[in-house]
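The structure appears right after this line, and notes come after that.
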Amino acid sequence: FAWVQPLFPPFFRCERAGARGDPQRCRGMAAEDEPVKLIGEILRISQGAYELSFGELARDEQVSDTFEALLGTLKAARKRKLIEFPGELLLMGRHDDVTITITTHGATMSSEAMISAPGAEADALAAAA
């Protein structure tokens, strides 16, 4: 079943969230986690600051490997009021200097993620804070 594995997020995430055996629910949980993970990446790249430029974020190798659709994740995070940025669309090159800012709600969510994230995720978020 090696060819099926890339279609679904790792099973340990689903088990941890209580969705084992339910791929649809598991996929939804992974999508819900992405905006919070984005906050952790912003903190990591900015070395604990609550803002950075879109260019810094988009050109980071770990971010490009983690988020398939960075713009979609940015929009989802803004919709959940975790971050703020001007405009509707951010394009590499043209909007590299646009500042992305973590909101108070986003900072609270990242703090809660540090407490509840297991193992390596908690260590990465703690190092960023």
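Everything numeric here is computed off the predicted structure, so don't read it as measured data. Keep in mind that the numbers below use all heavy atoms, side chains included, and drop hydrogens, waters and symmetry copies.
A donor-acceptor pair is defined here as one N or O able to donate and one able to accept, closer than 3.5 Å; such a pair exists between the side chain of Arg78 and the backbone of Phe85. Judged by distance alone, with hydrogens and angles left aside, the side-chain atoms of Thr103 form a donor-acceptor pair with the main-chain N or O of Lys81 at under 3.5 Å. The backbone N or O of Gly93 lies less than 3.5 Å from a partner atom in the side chain of Asp96, making a donor-acceptor pair.
Of the inter-residue distances, the one linking Ile83 atom CD1 with Thr99 atom OG1 reads 12.0 Å to the nearest 0.5 angstrom. Here the CD1-CZ distance, from Ile39 to Arg80, works out to 9.0 Å after rounding to the nearest 0.5 Å. For the atom pair CG (Leu70) and CE (Met92), the distance works out to 9.0 Å, reported to the nearest 0.5 Å. Note that OG1 of Thr66 and CG of Asp60 are 8.5 Å apart. Values are rounded to the nearest 0.5 Å. Glu51 contributes atom CD, which lies 10.5 Å from atom CD1 of Ile42 (distance to the nearest 0.5 angstrom).
The neighbour count for Asp97 CG, taken as heavy atoms of other residues, nucleotides or ligands under 6.0 Å away, does not exceed 12.
Annotation: salt bridge (Lys or Arg N to Asp or Glu O under 4.0 Å) contacts of Glu68 (sequence neighbours excluded): none. Under the rule for a side chain to side chain contact (heavy atoms under 4.5 Å, CB included), the partners of Arg94 that lie at least two apart in sequence or sit in another chain are Leu91.
Using a 4.0 Å cut-off between a side-chain N of Lys or Arg and a carboxylate O of Asp or Glu, Glu41 and Arg44 qualify as a salt bridge.
Among all heavy-atom pairs drawn from Leu89 and His95, the shortest one is O-CE1, 3.5 Å.
Remark: of the listed residues Leu82, Leu43, Leu38, Leu43 is the sole one forming a side-chain contact (heavy atoms from CB on, under 4.5 Å) with Ile102.
For the 3.5 Å distance criterion, the side chains of Glu56 and Ser53 qualify, holding a donor opposite an acceptor. Side-chain contact of Glu84 with Thr101: a donor-acceptor pair under 3.5 Å is absent, judged by distance alone.
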